[in-house]
*Asks:* 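Just passing along the structure, written as structure tokens.
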Amino acid sequence: MAEAVSAGGLPALRERLHALADPGHVKVLQGYFKTGAGQYGEGDRFLGLRVPVLRKLAREFRGLPVSDALELLRSSWHEERLLALLLLVDAFSRGDAATREEIYRAYLANTRFINNWDLVDSSAPQIVGAFLGPDRIAPLLELARSESLWERRIAILATQHFIRQGVFEPTLRIAGMLLHDREDLIHKAVGWMLREVGQRDRAAEEEFLHAHCRTMPRTMLRYAIERFPEPLRRAYLSGEAAAAHA
């Protein structure tokens, strides 16, 4: 974190964010991230900024102190929280062991602000998964049991880091724990991670599917088999694949 940050630090960053706001894009984002009454993003506030703009700002303000990024994470504005996570991911990737642990622990202490799928997906593998590694998944098992939708999504998304290393058991274990989750966003996340496993080891994914495809949520199954050859995909959707391995 020794690099110079753009003049003005956090106040300057916030000023830039709000100057770049696009009110015309706000309603699109509110609909996309389900901010209506009773929806998973109820009440979230948007400035109307697109992700490429936020990534550019993250590069410009690289080196912002972790404490400032955490202050930004606690914002009521969605884009400020996403930018904070982009900054933390970058700081984690470049940090020493002490910095990485600081960011990991701060991340888990602030999950109430990591409260939409894009916030989780852009940070959980790079921070939580990268800090723990596949041999220390007890914190992920605890998150998978959480009442918080977002903590459960963090648990399964963090395993994407392990999948990229060719280690699949943590993903399959947590997928089993979340198999009958009540939330569609968890069904999609689990199915996506199963698909990621299958792209590297089809046999490992199919072993899981043979055991669970008849009872897993339909959305989860569809996501998991999305890249399968069409005849095999149809076989799973019809139940024929499971019957063949009964």
*Asks:* Considering only NZ, NE, NH1 and NH2 on the basic side and carboxylate oxygens on the acidic side, decide whether R81 and D44 come within less than 4.0 Å.
*Replies:* yes

*Asks:* Would you say the rings of F113 and W150 are close, in the sense that their centroids are separated by under 6.0 Å?
*Replies:* no

*Asks:* Are V28 and L47 joined in one hydrophobic group, where the rule is that I, L, V, M, F, W and Y side chains link up if heavy atoms are under 4.5 Å apart?
*Replies:* no

*Asks:* Test: side-chain hydrogen bond (donor to acceptor under 3.5 Å, both in side chains). Region: residues 82-92. Which pairs qualify, not counting sequence neighbours?
*Replies:* R62-D90, D90-R94

*Asks:* Is any side-chain N of the basic residue among R14 and E71 closer than 4.0 Å to the acidic one's carboxylate O?
*Replies:* yes

*Asks:* Where do I174 and A155 come nearest, in terms of heavy atoms and distance?
*Replies:* CD1-O, 3.8 Å

*Asks:* In terms of hydrophobic clusters joined by side-chain contacts under 4.5 Å, are Y32 and L49 together?
*Replies:* yes

*Asks:* Just by distance, do the side chain of E79 and the backbone of G48 share a donor-acceptor pair under 3.5 Å?
*Replies:* yes

*Asks:* Charged N to carboxylate O under 4.0 angstrom, R153 versus E183?
*Replies:* no

*Asks:* Please confirm whether F92 and Y107 have ring centers closer than 6.0 angstrom.
*Replies:* no

*Asks:* Within the distance-only criterion (no hydrogens, no angle test), does the side chain of R195 pair as donor or acceptor with the backbone N or O of Y223 below 3.5 angstrom?
*Replies:* yes

*Asks:* I'd like to know if K56 and E60 make a salt bridge, using a cut-off of under 4.0 Å between side-chain N and carboxylate O.
*Replies:* no

*Asks:* Answer yes or no: is there an ion pair linking E196 with R200, defined by an N-O contact shorter than 4.0 Å?
*Replies:* yes

*Asks:* Is a side-chain N or O of E42 found less than 3.5 angstrom from the main chain of G38, in a donor-acceptor match?
*Replies:* yes

*Asks:* Tell me the salt bridge (charged side-chain N to carboxylate O under 4.0 Å, His left out) pairs involving residues 126-151, sequence neighbours left out?
*Replies:* E147-R182

